[in-house]
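The structure under discussion appears below in the form of structure tokens.
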Amino acid sequence: MKLSELLQVIKPIQVTGDTAVEITDIAIDSRKVEAGHLFIAVPGTQVDGHHFIAKAIEQGAAAIICQTLPEDMPSSVTFVQVEDSEGIVGLLAHHFFGDPTEKLDLIGVTGTNGKTTIATLLYNMFRRFGYKCGLLSTVCNYIDGEALPTTHTTPDPITLNRLLGQMAAAGCKYAFMEVSSHSVAQRRIAGLTFMGGIFTNLTRDHLDYHKTFEAYRDAKKSFFDMLPKGSFAVINADDKNGLFMTQNTQAEVKTYSLRAMADFHARVLEEGFDGMTLNICGREVFVQFIGRFNVANLLAVYGTAVCLGKSAEDVLVALSAMHPVNGRFEAIRSPEGVTAIVDYAHTPDALDNVLATINEILKKPGQCITVCGAGGNRDKGKRPLMAQSAVRASDRVIITSDNPRFEEPEDIIRDMLAGITDPEDKRKVISIVDRREAIRTACMMAQPGDVILIAGKGHEDYQEIKGVKHHFDDHEIVREVFGL
């Protein structure tokens, strides 16, 4: 694509050089630049891309887009000055990769908890209906049936648009995507046209980045502000922030609820560790999911599928055949009758929800044993809250490592234990730094009828320590101890 065609979607301040030059790819990382590439210098949160303009030119960049022009501008390279380079990356990438969201219907899911479950279930459901679909999620990206590894909840705008372009080229009708607060704040989704948006819930998370809850909330809201006329928004009416999200949206708003009048509503008729019988909008259905938070997730899926034109009957049949997403309230049972639940819960609210579900189903004298930690180099304020949530709803608690990253695990554990001040609560708690030993200890403690919650990592098959990802899978350890 010629640079002149690309520049039609933005408003440059000035252009120096030949705009007829052919652009073979786009990059925001100078290390990925090759001959013929357009390099966009973005002032990022960690490093400023303007410092790497010379490196990009050395590696063959045909054109540079930047906010501040460098002193040395070789005549063989075209320079484009813009007011906001971060804000235009998505626009350029979307156009470069063929405007993919004009060729497929993109549905975004945002909120603190439930994004992965909802996006993945929608992807699986619509493939079951016979459509080619794409999925962009925390666990894995898919182009129809082809799995591609993922590193972020929402990729950078170039990777994101490249994937969407591949989905469109593969004939995908729908793409289902998790939309993180980071991606909205950093404008990674700029240029995309969404057919629909889903709001799950909002609790404390990512304050290491957003600094305040209000900034985190407003980032989520701006996703709904950008939805165009003709789109739809499916909103959790049981969350106090639900209606706030859609105050300024142009989308048609639909609500879902377990507690109040809504467009899509449900109640639990029966529940156990093998699943639940639900009444969804007047129809009964058995699902292989556990927990009221999952009822909300299933309602969001149901409402979205109906908004996309599927019949209620077909959607319920599809829901009844589906299984939980990897690492989301996933039950593993020992031959002796101990149940281990592996779940990604890594916020106080998510931990509260999972433990509430376990205690609703748990038959006494069965006990709940919780294994949990907190991630390093992340919001320290939630660490004592996580410990409090665990102690409040568990009979025994083992505080351990999660992904310590560049912090010492003992320091993270100490921060968590600081939240437990009551002497009675302290007697419930032990700390074991080694996560493998913590899980083994919980399994050895458990008696038939007990439930072990192993929280925090869910689908992750690694533990990140000092910048290195070591293989580590909670499921594998549980199965090993259980002899499965």
Item checked: Distance-only side-chain donor-acceptor flag, H459 / R328, under 3.5 Å -> yes
Next item on the list: Report yes or no: is the cationic atom of K254 (NZ for Lys, CZ for Arg) closer than 6.0 Å to the six-membered ring centre of F232, at no more than 45° off its axis?
Entry: no
Next item on the list: Search all heavy atoms of T193 against all heavy atoms of L106 and return the closest pair with its distance.
Entry: O-CB, 3.8 Å
Next item on the list: For I454 and I341, run side-chain contact (heavy atoms from CB on, under 4.5 Å): C-alpha distance rounded to whole Å, both residues' side-chain angles, the deciding distance at 0.1 Å, then the answer.
Entry: CA-CA 6 Å; I454 303 167; I341 304 291; over 6 Å; no
Checklist line | Passing candidate, ring pair (Phe, Tyr, Trp, His ring centres under 6.0 Å) with F329, options F289, Y344, F293, F273 | finding: F293
Notebook entry, point to check: Is there a donor in the side chain of D314 and an acceptor in the side chain of S311, or the other way round, less than 3.5 Å apart?
Noted result: yes
Notebook entry, point to check: Do R217 and F244 meet the cation-pi criteria used here (NZ or CZ under 6.0 Å from the six-membered ring centre, within 45° of the axis)?
Noted result: yes
Item checked: Donor-acceptor contact present, side-chain S257 to main-chain A262, <3.5 Å -> no
Next item on the list: Locate the shortest heavy-atom distance separating A312 from R283; write the atom from each residue and the value.
Entry: CB-NH1, 3.5 Å
Next item on the list: With rounding to the nearest 0.5 Å, note down the distance linking CZ in F264 to CG in L258.
Entry: 14.0 Å
Next item on the list: Please assess T112 against Y216 for the test side-chain hydrogen bond (donor to acceptor under 3.5 Å, both in side chains), listing each intermediate value before the final yes or no.
Entry: CA-CA 10 Å; T112 306; Y216 174 52; 2.8 Å; yes
Notebook entry, point to check: Is there a side-chain contact between L227 and Q250 (heavy atoms, below 4.5 Å)?
Noted result: no
Note to self: Does this structure show an ion pair linking R435 with D474, if we count only N-O contacts that are shorter than 4.0 Å?
What the structure shows: yes
Checklist line | Electrostatic pair D29:R31 at N-O distance under 4.0 angstrom | finding: yes
Checklist line | Stepwise side-chain contact (heavy atoms from CB on, under 4.5 Å) check, F126 with K132 | finding: CA-CA 8 Å; F126 277 78; K132 288 187 175 184; over 6 Å; no
Next item on the list: Indicate whether any N or O donor in one side chain lies under 3.5 Å from an N or O acceptor in the other, for H471 and Q463.
Entry: no
Check: Does the side chain of I452 reach to within under 4.5 Å of the side chain of T339, using non-hydrogen atoms?
Finding: no
Notebook entry, point to check: To the nearest 0.5 Å, how far apart are CD1 in I158 and CZ in R188?
Noted result: 12.5 Å
Item checked: Heavy-atom side-chain proximity of C281 to Y302 below 4.5 angstrom -> yes
Checklist line | Full working for side-chain contact (heavy atoms from CB on, under 4.5 Å) between L192 and N161 | finding: CA-CA 8 Å; L192 303 183; N161 280 282; 3.3 Å; yes
Notebook entry, point to check: Which pair of non-hydrogen atoms, one from I198 and one from A300, has the smallest distance, and what is that distance?
Noted result: CG2-CB, 4.0 Å
Notebook entry, point to check: For E437, does its backbone N or O pair with a side-chain atom of T441 as donor and acceptor, under 3.5 Å?
Noted result: yes
Margin query: Using 0.5 Å steps for rounding, measure from the CE atom of M125 to the CZ atom of F129.
Written below: 5.0 Å
Check: Out of N141, T116, N124, T120, which residue meets the side-chain contact (heavy atoms from CB on, under 4.5 Å) rule with L135?
Finding: T120
Item checked: Min side-chain heavy-atom separation F286-M276 under 4.5 Å -> no
Margin query: Let's go through Y123 and Y174 carefully: what are the C-alpha distance in whole Å and the side-chain angles of both, what is the deciding distance for ring-ring contact (aromatic ring centres under 6.0 Å, His included) to 0.1 Å, and is it a yes or a no?
Written below: CA-CA 8 Å; Y123 164 79; Y174 297 102; over 10 Å; no
Check: Do you know the tightest heavy-atom contact between G230 and M195?
Finding: O-SD, 4.2 Å
Check: Considering only heavy atoms from C-beta outward, does the side chain of S334 approach that of L484 to under 4.5 Å?
Finding: no
Next item on the list: Provide the closest heavy-atom pair for D402 versus G373 in the form atom of the first, atom of the second, distance.
Entry: CB-C, 4.1 Å
Next item on the list: Return yes if some donor-acceptor pair links the side-chain N/O of D395 with the main-chain N/O of C368 below 3.5 Å, else return no.
Entry: yes
Next item on the list: Apply the test salt bridge (Lys or Arg N to Asp or Glu O under 4.0 Å) to residues K457 and E330: give CA-CA distance (whole Å), side-chain angles for both, the deciding distance (0.1 Å), then the verdict.
Entry: CA-CA 12 Å; K457 291 182 62 59; E330 201 173 349; over 6 Å; no
Note to self: In the structure I gave you, are the side-chain heavy atoms of I477 and R479 within less than 4.5 Å of one another anywhere?
What the structure shows: no
Notebook entry, point to check: Does any non-hydrogen side-chain atom of N353 lie less than 4.5 Å from one of R292?
Noted result: no
Note to self: Check whether E407 reaches the backbone of N377 with its side chain - one donor and one acceptor, N or O, closer than 3.5 Å.
What the structure shows: yes
Next item on the list: Would you check, one step at a time, whether the test side-chain contact (heavy atoms from CB on, under 4.5 Å) holds for I358 with E360?
Entry: CA-CA 5 Å; I358 289 171; E360 282 171 6; over 6 Å; no
Item checked: Candidate pair D225 and S222, rule side-chain hydrogen bond (donor to acceptor under 3.5 Å, both in side chains), full reasoning -> CA-CA 5 Å; D225 292 347; S222 63; 5.7 Å; no
Check: Would you find a donor on one side and an acceptor on the other, under 3.5 Å apart, between the side chain of T246 and the backbone of T249?
Finding: no
Notebook entry, point to check: Has K469 got its NZ or CZ under 6.0 Å from the middle of the six-membered ring of Y462, at an angle within 45 degrees of the ring axis?
Noted result: yes
Next item on the list: Determine, stepwise, if the pair K221 / N248 fulfils side-chain hydrogen bond (donor to acceptor under 3.5 Å, both in side chains).
Entry: CA-CA 9 Å; K221 178 182 179 295; N248 305 106; 2.6 Å; yes
Check: How about Q247: does its CD atom have over 12 heavy atoms from other parts shown lying under 6.0 Å from it?
Finding: yes
Next item on the list: Dump the intermediate steps for salt bridge (Lys or Arg N to Asp or Glu O under 4.0 Å) on K466 and E408, then the final yes or no.
Entry: CA-CA 9 Å; K466 303 296 183 186; E408 293 302 325; 2.8 Å; yes
Next item on the list: Go through D239 and N236 one step at a time and tell me if the side-chain hydrogen bond (donor to acceptor under 3.5 Å, both in side chains) criterion holds.
Entry: CA-CA 6 Å; D239 187 288; N236 182 3; 5.3 Å; no
Margin query: In the structure I gave you, are the side-chain heavy atoms of F199 and V109 within less than 4.5 Å of one another anywhere?
Written below: no
Check: Short question: side chain of H94, backbone of T101 - any donor-acceptor pair under 3.5 Å?
Finding: yes
Notebook entry, point to check: Hey, does the side chain of N294 reach the backbone of N297 with a donor-acceptor pair shorter than 3.5 angstrom?
Noted result: no
Next item on the list: Look at the side chain of K115 and the backbone N and O of G111, then say whether any donor-acceptor pair between them is shorter than 3.5 Å.
Entry: yes
Item checked: Identified side chain to side chain donor-acceptor pair (under 3.5 Å) partner of E460 from the options N403, N326, T138 -> N403
Next item on the list: Could you tell me whether the side chain of Q288 and the main chain of S320 form a donor-acceptor pair under 3.5 Å?
Entry: yes
Note to self: So if I apply the side-chain contact (heavy atoms from CB on, under 4.5 Å) rule between V234 and each of D263, I107, T304, which one comes out positive?
What the structure shows: T304
Checklist line | Inter-residue atom distance D411.CG - R383.CZ, 0.5 Å rounding | finding: 8.5 Å
Check: Which atoms form the tightest heavy-atom contact between V397 and A390, and what is the distance?
Finding: CG2-O, 3.6 Å
Next item on the list: Would you confirm whether K380, through its side chain, and D415, through its main-chain N or O, come within 3.5 Å as a donor-acceptor pair?
Entry: no
